[in-house]
Amino acid sequence: MPSPLTPGRNLALELVRTTEAAAMAAARWMGRGDKIAADQAAVDAMRHVLSGVEMDGLVVIGEGEKDEAPMLYNGEHVGDGTSPHVDIAVDPIDGTTLTALGRAGAIAVIAVADRGSMFDPGPCVYMEKIAVGPEAAGIVDLRLPVEKNLMAVARAKGKDVEDVTAVVLDRPRHADLVAEIAAAGARIRSISDGDVAGAIATAWPDSGVDIMFGIGGTPEGVIAAAAMKSMGGDLQGRLWPRDAAEREAAIEAGYDLDAILNCDDLVKTDNCFFAATGITTGDLLRGVTFESDRITTQSLVMRGRSGTVRLIEAFHQPDKYDELDV
C-alpha cells in the first residue's frame, strides 16, 4: 500500500486545476504590456486553488523570498495541511514577457514530488543546461563540445546533423553557443523566453525540436526535470553563478559548481508530478480562448512513477469561473 505521506496518482488532476486557474487569469492580460500584473494574477489564481488541495506542500521553487513576493514564496506552506507531505515547484507564468506582449509559448506550470526530494538552488539563479528526448537520453553530456552532442543526437534519431534542430534562449551570453551550433551545421530555433517549454519540446512528439542548449533559470531546470522523468527524456545542468559574490555564496553554502546535475539530482524520486496549461498558443499547447459560453484550456499532466502523459482539453463556464475570484 502507498504511504499516506507520499503523493498518490489522484493528485495529478488536482494539480492541473491550479495551472488552469493560473493560465486563465494570466490570459486576461495577454498583449496588454503589463507583465507584473499578469504574473500577479496568475500567482493569486494558482495559490487560491492550491489552498484547497489535500496536501501539505512546501514551496521549494517559488516566486522569490517572502519579502519579495506576497504569494507562493520560497518556504511557504500551501494546501489544506493534510497528507501527503510534498515539495512544490511553481512557475505561474513561464514566459511573462511572452504573455505581456501577446507572443507564443507562455505556459503556467507546477511540479510536485515527495517531501525533501527537490533540489534547492540556493543562491544560484542560473544553470547551464542540455536537454534531449527519449531517443537521445543518456548519450549527451554537458561537458562535451556542442558538435559532439549534436552528432550523438543525430545518430540516435537516425538523421543528419543538418536536420537536427536546437532550441536556444535568445540572449547575448549565447552568441558563442549559437556560432558553434551553426558551425556544426544544425538548425537553430531561437526563443525569447520559456525554457521549461523548450526543454519539454525536445521530448514532445512533432515539436520539431531535438535538443536544447544554454544558460537558463535553475528553478526552471528543476521543474523541467520533473516532466522529463515522466517523458523519458534527459536533462543535465551545471550551476552558473552570475558574478563573484554569487559564486562565493554558493561555495560557502556547500554547492559543487563543477558537478553535473541530472534529473535524479534535481528531483530525487520518480514519485513526482508535472502539470502545465497553455496561456498563449505555442509548440506544446494551445492558449486560453474566451467565448461567450465557455473558456477553453489545454493542459499536459504527467506522472513520473507510471510515465503517463495526458493531454487534457477542458471547457470552463465563464459565470462559474468568475465566481471563484480567479
Side-chain angles (χ1 to χ4, degrees), residues 13-53 59 61-64 68-73 76 78 88-112 169 191-201 216-217 219-220 223-224 227 274-291 294-301 311-326:
L13 293 181
E14 287 293 292
L15 295 177
V16 78
R17 292 176 50 241
T18 72
T19 58
E20 287 172 345
M24 287 188 285
R28 296 285 194 190
W29 292 90
M30 187 183 84
R32 293 169 61 181
D34 192 340
K35 67 180 185 179
I36 294 175
D39 194 42
Q40 190 63 61
V43 169
D44 290 344
M46 181 175 279
R47 191 176 192 280
H48 177 78
V49 178
L50 277 173
S51 66
V53 177
V59 178
I61 304 291
E63 286 289 283
E68 297 178 8
M71 299 289 186
L72 296 176
Y73 55 83
E76 182 179 2
V78 296
I88 295 180
V90 298
D91 196 350
I93 303 182
D94 179 39
T96 52
T97 300
L98 299 177
T99 302
L101 298 179
R103 293 176 179 169
I107 59 175
V109 295
I110 188 170
V112 170
L169 275 172
I191 57 174
S192 61
D193 290 280
D195 70 341
V196 172
I200 295 171
E220 287 83 356
I223 294 171
F274 172 91
T277 301
I279 299 171
T280 60
T281 297
D283 293 332
L284 289 178
L285 294 165
R286 291 200 305 274
V288 180
T289 59
F290 297 92
E291 304 294 342
R294 67 182 181 183
I295 305 169
T296 305
T297 58
Q298 190 176 59
S299 305
L300 286 172
V301 184
L311 182 64
I312 297 176
E313 187 168 41
F315 305 101
H316 312 263
Q317 293 186 35
D319 55 342
K320 294 185 177 181
Y321 162 81
D322 289 336
E323 290 172 5
L324 293 176
D325 262 347
V326 298

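In this chain, residues are counted from 1 in sequence order.
- Heavy atoms only, all atoms of each residue included: V16 and S299 are closest at CG2-CB, 3.4 Å.
- The backbone N or O of M46 lies less than 3.5 Å from no partner atom in the side chain of T18, so there is not a single donor-acceptor pair.
- Within the 3.5 Å criterion, the main-chain N or O of A106 finds a donor-acceptor partner in the side chain of T280.
- Tested against I110, the residues I61, L50, L72 include a single side chain to side chain contact (heavy atoms under 4.5 Å, CB included) partner, L50.
- Using a 4.0 Å cut-off between charged nitrogen and carboxylate oxygen, E20 and R17 do not count as a salt-bridge pair.
- Across all non-hydrogen atoms, the minimal contact from P92 to A108 is O-CB, 3.1 Å.
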Going through the checks in order, is the side-chain contact (heavy atoms from CB on, under 4.5 Å) test met by V59 and V78?
CA-CA 7 Å; V59 178; V78 296; 4.1 Å; yes

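- T277 places no side-chain N or O within 3.5 Å of a backbone atom of Q298 that could act as its donor or acceptor partner.
- In this structure, CD1 on I200 lies 10.0 Å from CG on D195, to the nearest 0.5 angstrom.
- The CZ atom of R286 sits 8.0 Å away from the OG1 atom of T296 when rounded to the nearest 0.5 Å.
- Distance check, rounded to the nearest 0.5 Å: CG of D34 to CG of L101 gives 11.0 Å.
- Closest non-hydrogen pair, F290 versus M24, comes out as CZ-O, 3.8 Å.
- Smallest separation of non-hydrogen atoms from A41 and A25: O-CB, 3.5 Å.
- Atoms CD1 and CG, from I223 and D91 in turn, are 5.0 Å apart once rounded to the nearest 0.5 Å.
- If you take CH2 on W29 and CD1 on I36, they are separated by 11.0 Å, rounding to the nearest 0.5 Å.
- Between T19 and V301, every side-chain heavy-atom pair lies at or beyond the 4.5 Å cut-off.
- Considering I93, I107, D94, D193 in turn, I93 is the only one that fulfils the side chain to side chain contact (heavy atoms under 4.5 Å, CB included) rule with T99.
- Taken to the nearest 0.5 Å, the CD1 atom of I279 stands 9.0 Å off from the CG atom of L98.
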Requested in this report: Go through the steps to decide whether L311 and L285 satisfy the test side-chain contact (heavy atoms from CB on, under 4.5 Å), and finish with yes or no.
Outcome: CA-CA 9 Å; L311 182 64; L285 294 165; 3.7 Å; yes

